[in-house]
Amino acid sequence: MKPVLLVIAHGSRDPRHAATVHALVRRVRAMCPGLRVETGFLDFNIPSVQGVLESLAAEGVRDVVALPLLLTRAFHAKADIPAVLRDAPPQLRIHQAEVLGPSPLLLSALERRLYEAGLTPADKSSTGVVLASAGSTDPEAIAVIAEIAREWRHTGWCAVRPAFASAALPRTEDAVRELRELGCSRVAVAPYVLAPGFLPDRIARGAADADVLAEVLGAAPEVARVALRRYDTASARVLLSVSA
């Protein structure tokens, strides 16, 4: 049997967060009907990751792929999630998949969100884009966002600047101002976040002087495809370990 896919989300007091996570998981299930997909939250929402793992063990499930619903490999992926998984019932064999980003598919999703917000491919050369992420104290995560911005710039945009809602600089409003001063005809803000919540709302406030604000990535089909690719890679490791 295929390992169960356990999607691990951070959780939030904002009900939009859980609703978006569940919508994304529904899309993943629809793309791979034969795969069992469960959802667990680290905080604020239910079911908890620990509760899902205990239920799976009680059912007799052996193999689980735990997918962090995260765009960068920062504290939650490096510490929080491994700690929770270490406390799982011992009969479970759990393999932690890689985080979602970076991925060319996520860049495609970002562009599609910008087009949905009113831009067209013809606008690229005259539009500066703020790649606005939640932010992190982890220098590896900050470097990844900066590298994504550099790569995205080479696809034809006038300019692309990273920005952060917390823990790092610049803020969204500062990046918007910089692109104005650079001479871009219009400025667009692309939130590099998965679901609505406190920090995405801060990004939106920082985009007040931008011409375009895209929606969060949410349940975009590209995000679901990345999730399944991460699952496939981790699942292959599970099969190798079982047959070894």
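Here, residue 1 is the first one in the sequence, and each next residue gets the next number.
Counting heavy atoms from C-beta on, the side chains of Thr20 and Pro196 come closer than 4.5 Å.
For residues 48-59, every residue pair satisfying the side-chain hydrogen bond (donor to acceptor under 3.5 Å, both in side chains) rule, not counting sequence neighbours, is listed here: Arg36-Glu59, Gln50-Glu54. For residues 179-196, the set of pairs meeting the side-chain hydrogen bond (donor to acceptor under 3.5 Å, both in side chains) definition, not counting sequence neighbours, comprises Ser126-Arg186, Thr127-Arg186, Arg180-Asp211. Sorted by first and then second residue, the side-chain hydrogen bond (donor to acceptor under 3.5 Å, both in side chains) pairs involving residues 156-171 (not counting sequence neighbours) are Glu111-Trp157, Arg161-Glu178.
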Item to complete: Show your reasoning for whether side chain to side chain contact (heavy atoms under 4.5 Å, CB included) applies to Ile203 and Val189.
Response: CA-CA 8 Å; Ile203 289 172; Val189 174; 4.0 Å; yes

Item to complete: Walk me through it: do Leu194 and Val216 pass the test side chain to side chain contact (heavy atoms under 4.5 Å, CB included)?
Response: CA-CA 6 Å; Leu194 286 169; Val216 300; over 6 Å; no

Discussion item. If you apply the rule side chain to side chain contact (heavy atoms under 4.5 Å, CB included), what do you find for Lys2 with Tyr231, and how did you get there?
Written reply: CA-CA 10 Å; Lys2 290 183 177 180; Tyr231 168 82; 3.5 Å; yes

Using atom types as modelled, flag every donor-acceptor pair under 3.5 Å from a side chain in residues 22-33 to any protein atom, sequence neighbours excluded.
from	atom 1	to	atom 2	distance (Å)
Arg27	NE	Ala219	O	2.5
Arg29	NE	Val37	O	3.2
Arg29	NH2	Val37	O	2.7

Which donor-acceptor pairs under 3.5 Å do side chains of residues 139-148 form with protein atoms, sequence neighbours excluded?
from	atom 1	to	atom 2	distance (Å)
Glu140	OE1	Lys78	NZ	2.7
Glu147	OE1	Arg150	NE	3.1
Glu147	OE1	Arg150	NH2	2.7

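Other residues sharing a hydrophobic cluster with Val64 under the 4.5 Å side-chain heavy-atom criterion for ILVMFWY residues are Val4, Leu6, Ile8, Leu42, Val49, Val52, Leu53, Leu56, Val61, Leu70, Ile81, Val84, Leu85, Leu92, Ile94, Val99.
With sequence neighbours excluded, the residues that form a salt bridge (charged side-chain N to carboxylate O under 4.0 Å, His left out) with Asp201 are Arg16. Every residue two or more places apart in sequence or in another chain that forms a side-chain contact (heavy atoms from CB on, under 4.5 Å) with Ala9 is listed here: His17, Val21, Phe41, Leu69. Taking the side-chain contact (heavy atoms from CB on, under 4.5 Å) definition, one finds that Asp43 meets it with nothing, sequence neighbours left out. Residues forming a side-chain contact (heavy atoms from CB on, under 4.5 Å) with Glu215 (at least two apart in sequence, or on another chain): Arg113. Take Ala97 and apply the side-chain contact (heavy atoms from CB on, under 4.5 Å) test, not counting sequence neighbours, and it matches Val65, Leu67, Arg230, Ala234. By the salt bridge (charged side-chain N to carboxylate O under 4.0 Å, His left out) test, Asp232 pairs with no residue at all, sequence neighbours left out.
Within 6.0 Å of CD1 on Ile46 lie no more than 12 heavy atoms contributed by other residues, nucleotides or ligands.
Smallest separation of non-hydrogen atoms from Leu182 and Ala159: CD2-CB, 3.6 Å. Closest of all the heavy-atom pairs between Leu114 and Ala188 is CD2-CB, 3.8 Å. When all heavy atoms are compared, the tightest approach of Trp152 to Ala190 is CH2-CB, 3.8 Å.
Ion pairing of Glu116 with Arg112 is present here, as a side-chain N (NZ or NE/NH1/NH2) and a carboxylate O approach within less than 4.0 Å.
Separating the CZ atom in Arg93 from the CZ atom in Arg62 is a distance of 4.0 Å, to the nearest 0.5 Å.
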